[in-house]
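Every chain is numbered from 1 and lettered A, B, ... according to where its sequence line falls, protein lines coming before strand lines.
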Amino acid sequence: MPNIQLTFPDGTTKEFPHGVTALEVAKSIGPRLAAEALAARVNGRLVDLSSRLEESAPIQLITPNSPEGLEIYRHSSAHLLAAAVLELYPDAHPGVGPATDSGFFYDFYRPQPFTEADLAKIELKMQELVRADLPYERVTFGKDEGLKLFEEKGEFLKCELIREKAEPVFSAYRTGKFLDFCRGPHIPSTGRIKAVKLLSVAGARWKGDEHSHPLQRIYGTAFFNQKELDAHLHQLEEAKRRDHRRLGKDLDLFSIQDEAGPGLVFWHPKGGIIRKEIEDFLRAELLARGYELVYTPHVARLDLWKTSGHANFYRENMFTTMALDDAEYQLKPMNCPGHIMIYKSSRRSYRELPMRLAEFGTVYRYERSGVMHGLLRVRGFTQDDAHIFCAPEQIEDEIAACVEFAKLVLTTFGFERYEVELSVRDAAEPAKYAGAAEDWERAEGALEKTLSRMGIPFKRMEGEAVFYGPKIDVKLIDAIGRPWQLSTVQFDFSLPVRFGLEYVGADGRAHTPLMVHRALLGSVERFFGVLIEHYAGAFPLWLAPVQAVVLPVSEKHLDYARSVAGELRAAKFRAHLDDRNEKLNARVRDAQLQKVPLMLVVGDREAQGHGVAVRRRDTGDAGFRPLAELMGWMRELIDTRAVKW
RNA sequence: GCCGGCGUAGCUCAGUCGGUAGAGCAACGGUUUCGUAAACCGUAGGUCGGGGGUUCGAUUCCCUUCGCCGGCUCCA
């Protein structure tokens with residue numbers, strides 16, 4: 001056999017004997033690389049290090065530094081988990097076990113539930129298998145022969161997968177007692193796994209189908225070293241610390257109560273003031289941008305929802321109807337028909353377009369009982385909703401303005417990074433979508449062109465559009481790197497037609513307007529939840545429910561403290577006087593735990609100089625400051641909505 | 001809705017192998033008057049999530065229902 005030529009990523013080419021393994025190639029470069037390598041990419045395909053190379057090709061060794069490295073490593077960790085489970089629980093039947101964004105999981109069918117104690121046992125067994133340094137052995141089978149083998153082992157879930165997905169000759173990987181139908185590649189052996197941890201067990205369904213076999217999903221994560229794993233676990237702790245449900249209670253921002261019902265939010269005074277600030281900011285911006293503020297009823301005749309189509313395709317998400325004297329009425333799950341009613345209330349001219357109708361519209365949606373989650377998923381919520389009715393030639397400017405507006409909102413609330421997704425239709429299935437193909441083309445083109453023109457990088461999501469139109473979603477990234485989908489800008493080709501919307505054009509003829517649906521916060525409740533977690537409850541001055549707490553050193557200083565608090569309140573600051581009979585230390589601690597931005601200590605010295613001793617929530621004692629000067633500084637921070645101060 | 005776990009004082013939690021419950025913090029009353037993260041003493045507070053069953057007796061065991069938590073599915 002002639003030698004083969006392998007080309008490395010740096011462009012150099014070396015000659016190797018026919019049938020050389022990827023591992024031997026790595027060794028020829030250096031022992032360090034051979035020790036680190038996890039897999040290889042040959043001719044664009046990921047393969048095991050043990051695979052034999054039989055023709056000339058480009059080759060790249062996958063190491064922990066490669067983007068694919070971690071995924072392969074975690075996938076192998078999932079196999080390790082399954083191997084450990086099969087050792088301990090031979091009655092468990094493996095389902096699927098992929099790597100995920102933050103770790104891996106493996107699904108098992110087993111009548112008996114896994115407990116926390118089982119997880120600990122499994123983890124110990126995994127460590128044992130790591131010490132045993134078992135190879136990930138690749139074997140290939142003919143489809144019939146392989147199927148028979150898995151049938152004999154009683155692996156009915158695997159058999160189903162093989163029947164559905166396997167090529168005539170398919171690969172499987174053996175790790176100890178565990179044999180998995182799997183494309184690979186895998187790391188060479190279990191000894192390479194350095195830091196792995198099981199996290200939780202949860203229910204799942206075979207193939208995500210709720211009518212299918214109930215499975216138990218064991219979640220875990222793996223990293224290349226203990227330090228990274230610890231950092232990840234610390235991150236999980238941090239997320240827990242920021243949990244808005246915890247902080248909502250601790251800071252007395254909101255509650256959700258059994259007595260009233262799940263998914264229904266009570267905004268307490270402190271949450272309420274934050275909401276007011278958010279809404280005031282948005283309302284001012286809406287007016288400045290040519291939006292008009294409207295209000296629409298919370299219920300309407302079911303007929304309206306029949307016209308809109310919601311009564312049909314959105315029924316499972318709506319509250320049940322109420323029968324009144326004259327007709328069935330429906331609690332609104334969306335604001336669009338209301339705004340359409342306003343548009344339709346009179347004959348519209350092209351001169352009135354674009355018409356931008358905005359409302360903080362409270363909607364009610366029936367959510368299945370298991371899906372509610374704090375403020376992030378509720379049954380009653382308020383959207384910062386707006387519908388823009390415009391002529392086709394106005395689309396691009398309107399879209400650009402919406403995206404620009406969304407960016408302003410994100411930066412105002414201290415979000416520094418975001419991701420944009422453009423969801424377009426699946427061109428192969430035109431029947432799934434409402435509206436003419438040419439409208440879709442124009443709208444998708446307009447969205448894409450606008451984003452490109454604005455220099456905003458975006459991900460194109462083929463087939464992700466809703467049936468009534470394409471959309472742009474903005475995902476913001478919070479302080480600890482988690483993405484949240486909030487802002488959305490959507491086209492709607494369906495509703496203008498359903499409601500027979502028109503405007504009279506310059507040509508004197510009737511035309512159908514285009515409708516854009518957009519929400520920037522998405523829902524005020526969800527946004528608030530995200531905001532709480534983003535700031536970990538430590539809101540910037542302009543949002544803080546209590547901006548400053550005045551702390552008299554002793555009872556002697558109460559009068560002066562009262563006058564300071566009074567002056568602050570007269571100047572429209574949210575100041576609170578803590579006149580409790582507690583030691584200063586205790587009151588400082590309470591203010592600190594309540595995350596009050598400014599603590600103003602007043603005693604003899606301060607009274608004499610008509611000032612306060614400022615303690616900042618973040619950096620502590622900041623020394624004496626005359627009251628007038630302090631108020632000027634606070635005013636500036638609040639008016640500019642300063643995020644950092 | 002489904003799988004698993006959990007509901008004890010306002011909060012965080014302990015406890016009862018079946019004999020109707022405790023701690024810390026918070027609240028309230030008093031003492032203390034204090035300089036940047038918890039003063040001291042005292043008082044009060046619970047149909048042990050709701051309903052049903054077994055039992056002489058249930059907060060404890062069983063059933064059921066509501067809710068919460070982790071996921072699945074779905075989503076602003």
Side-chain angles (χ1 to χ4, degrees), chain A residues 105 107 109-116 118 199-219 240 243 245-246 249-250 252 255-263 314 316-317 333-335 361 363 365-385 466 473 484-488 490 517 519-527 529-530 549 551-558 580-594 599-606 612-617 620-624:
Chain A
F105 64 79
D107 284 345
Y109 177 79
R110 178 174 179 245
Q112 225 177 324
F114 289 115
T115 63
E116 289 289 316
D118 291 334
L199 297 172
S200 61
V201 54
R205 287 283 173 161
W206 179 235
K207 295 179 186 162
D209 173 1
E210 65 177 281
H211 301 296
S212 195
H213 305 290
L215 304 177
Q216 300 183 66
R217 175 167 298 177
I218 298 179
Y219 281 92
K240 221 186 214 168
D243 192 318
R245 294 166 300 184
R246 172 86 258 140
K249 199 177 266 183
D250 291 349
D252 198 16
S255 64
I256 295 168
Q257 301 178 44
D258 287 11
E259 201 174 342
Y314 206 66
E316 65 272 27
N317 281 300
M334 291 194 185
N335 300 304
V363 296
R365 298 183 185 173
Y366 173 74
E367 296 287 353
R368 300 170 93 189
S369 64
V371 304
M372 258 83 69
H373 183 90
L375 293 176
L376 303 181
R377 190 78 182 274
V378 294
R379 282 185 174 155
F381 59 98
T382 302
Q383 294 179 305
D384 66 319
D385 212 354
V466 265
D473 289 327
W484 302 92
Q485 209 260 288
L486 298 168
S487 308
T488 179
Q490 311 186 343
H517 168 118
L520 303 182
L521 308 180
S523 105
V524 182
E525 283 76 6
R526 177 179 284 184
F527 184 76
V530 171
V549 62
L551 305 172
V553 170
S554 82
E555 215 167 70
K556 281 190 308 210
H557 312 103
L558 248 180
R580 290 176 305 159
N581 180 11
E582 293 287 348
K583 291 189 70 172
L584 180 61
N585 273 316
R587 286 174 289 146
V588 165
R589 177 170 191 269
D590 288 344
Q592 204 62 59
L593 290 173
Q594 284 296 305
M599 282 148 267
L600 310 175
V601 176
V602 295
D604 291 335
R605 295 198 291 273
E606 288 73 25
V612 296
V614 176
R615 178 188 164 99
R616 297 170 53 123
R617 171 181 67 196
D621 197 344
F624 178 84

Chemist: Without decimals, in angstroms, what is the distance between A:F105 CZ and B:rC3 C1'?
Modeler: 14 Å
Chemist: Looking for any heavy atom pair under 4.0 Å, which part of the strands does A:A591 touch: base, sugar-phosphate only, or nothing?
Modeler: nothing
Chemist: Say you pick atom P in B:rC48 and the same atom in B:rU59; how far apart are they, in whole Å?
Modeler: 6 Å
Chemist: Remember a base hit wins even if backbone is also touched, and classify A:A519 as base, sugar-phosphate or nothing at under 4.0 Å, heavy atoms.
Modeler: nothing
Chemist: Pick the C1' atom in B:rU60 and in B:rG53, then give their distance to the nearest Å.
Modeler: 15 Å
Chemist: For A:D250, give me all partners under salt bridge (charged side-chain N to carboxylate O under 4.0 Å, His left out), at least two apart in sequence or on another chain.
Modeler: A:R246
Chemist: Give the rounded distance in Å between these two atoms: CG of A:L215 and P of B:rC3.
Modeler: 12 Å
Chemist: Please enumerate all residues that pass side chain to side chain donor-acceptor pair (under 3.5 Å) together with A:E582, with sequence neighbours excluded.
Modeler: none
Chemist: Can you measure A:E606 atom CD to B:rU36 atom C1' for me and round it to whole angstrom units?
Modeler: 11 Å
Chemist: Calculate the interatomic distance between A:L551 atom CG and B:rA37 atom P; express it in whole Å.
Modeler: 11 Å
Chemist: Using a 4.0 Å heavy-atom cut-off across all strands, classify A:F624 as base, sugar-phosphate, or nothing.
Modeler: nothing
Chemist: Considering Watson-Crick and G-U wobble pairs with both distances under 3.5 Å, what does B:rC34 pair with?
Modeler: none
Chemist: Measure from NZ on A:K583 to P on B:rC34 and round the result to the nearest Å.
Modeler: 10 Å
Chemist: Between A:S554 and A:L593, name the one whose nearest nucleotide on RNA chain B is closer to the 5' end.
Modeler: A:S554
Chemist: Could you work out, with salt bridge (charged side-chain N to carboxylate O under 4.0 Å, His left out) as the rule, every residue matching A:R379, not counting sequence neighbours?
Modeler: none
Chemist: Can you list everything that forms a side chain to side chain donor-acceptor pair (under 3.5 Å) with A:N317? Sequence neighbours excluded, please.
Modeler: none
Chemist: Using atom P in both nucleotides, what's the gap between B:rU8 and B:rC69 to the nearest angstrom?
Modeler: 14 Å
Chemist: Which residues pass the side chain to side chain donor-acceptor pair (under 3.5 Å) test with A:S255, sequence neighbours left out?
Modeler: A:Q257, A:H268
Chemist: Show the nearest heavy-atom pair for residues A:R365 and A:P333, with the distance to one decimal.
Modeler: NE-O, 2.9 Å
Chemist: Where do A:R616 and A:D621 land on the salt bridge (Lys or Arg N to Asp or Glu O under 4.0 Å) test, with the steps shown first?
Modeler: CA-CA 6 Å; A:R616 297 170 53 123; A:D621 197 344; over 6 Å; no
Chemist: Distance check, C1' atoms only: B:rG50 and B:rG71, in whole angstrom units.
Modeler: 27 Å
Chemist: According to side chain to side chain donor-acceptor pair (under 3.5 Å), who are the partners of A:Y366, at least two apart in sequence or on a separate chain?
Modeler: none
Chemist: On a whole-Å scale, what distance lies between the P atoms belonging to B:rU20 and B:rG10?
Modeler: 22 Å
Chemist: Collect all protein-nucleotide pairs involving nucleotides 7-14 of chain B in which both atoms are nitrogen or oxygen and the distance is under 3.5 Å.
Modeler:
none

Chemist: Given that both distances must come in under 3.5 Å, which nucleotide forms a Watson-Crick or G-U wobble pair with B:rU47?
Modeler: none
Chemist: Measuring to OP1 and OP2 of B:rG70, would you say a side-chain N or O of A:R245 lies under 4.0 angstrom away?
Modeler: yes
Chemist: List every contact pair, protein side and nucleotides 26-28 of chain B side both N or O, where the distance is under 3.5 Å.
Modeler:
none

Chemist: In Å, rounded to the nearest 0.5 Å, how long is the span from NZ of A:K207 to CG of A:L215?
Modeler: 11.0 Å
Chemist: Let me know the distance between CE of A:M372 and C1' of B:rC66, rounded to the nearest Å.
Modeler: 12 Å
Chemist: Assign a letter to each nucleotide of nucleotides 71-76 of chain B from its 5' end: B, base within under 4.0 Å of a protein heavy atom; S, sugar-phosphate only; -, no contact.
Modeler: BBBBBB
Chemist: Judged by atom type as modelled, is there a donor-acceptor pair below 3.5 Å linking the side chain of A:E525 to the main-chain atoms of A:T382?
Modeler: yes
Chemist: If I pick the P atom on B:rA39 and the same atom on B:rA26, what distance separates them, to the nearest angstrom?
Modeler: 9 Å
Chemist: With no hydrogens and no angle check, just 3.5 Å: does a side-chain donor-acceptor pair link A:Q216 and A:D107?
Modeler: no
Chemist: Using a cut-off of less than 4.0 Å, is there contact between a side-chain N or O of A:K556 and OP1 or OP2 of B:rC34?
Modeler: yes
Chemist: Using a 4.0 Å heavy-atom cut-off, does A:V588 contact any base of the nucleic acid, only the sugar-phosphate backbone, or nothing at all?
Modeler: sugar-phosphate
Chemist: For A:R605, which residues count as a salt bridge (charged side-chain N to carboxylate O under 4.0 Å, His left out) partner, sequence neighbours excluded?
Modeler: none
Chemist: Looking at residues at least two apart in the chain, or sitting in another chain, which of them share a salt bridge (charged side-chain N to carboxylate O under 4.0 Å, His left out) with A:R589?
Modeler: none
Chemist: Tell me the partner of B:rG42, counting only Watson-Crick (N1-N3 plus N6-O4 or O6-N4) or G-U wobble (N1-O2 and O6-N3) with both under 3.5 Å; none if nothing fits.
Modeler: B:rC28
Chemist: Could you give the distance separating B:rA38 and B:rC25 at their C1' atoms, to the nearest angstrom?
Modeler: 10 Å
Chemist: What's the CZ-C1' distance between A:R617 and B:rA37, to the nearest Å?
Modeler: 15 Å
Chemist: If the C1' atom of B:rU73 is compared with that of B:rG57, how far apart are they to the nearest Å?
Modeler: 46 Å
Chemist: Kindly write out the residues that satisfy ring pair (Phe, Tyr, Trp, His ring centres under 6.0 Å) with A:F105, not counting sequence neighbours, or none if the list is empty.
Modeler: A:Y219
Chemist: Given that both distances must come in under 3.5 Å, which nucleotide forms a Watson-Crick or G-U wobble pair with B:rC56?
Modeler: B:rG19
Chemist: What is the pairing partner of B:rC2, taking Watson-Crick or G-U wobble pairs with both distances under 3.5 Å in any strand?
Modeler: B:rG71
Chemist: Report the residue (A:V602 or A:G261) whose heavy-atom-nearest nucleotide on RNA chain B is the more 5′ of the two.
Modeler: A:V602
Chemist: Under 4.0 Å between a side-chain N or O of A:R615 and OP1 or OP2 of B:rG35?
Modeler: no
Chemist: Take the protein atom CD of A:E555 and the nucleotide atom C1' of B:rG30, then report the distance between them rounded to whole Å.
Modeler: 14 Å
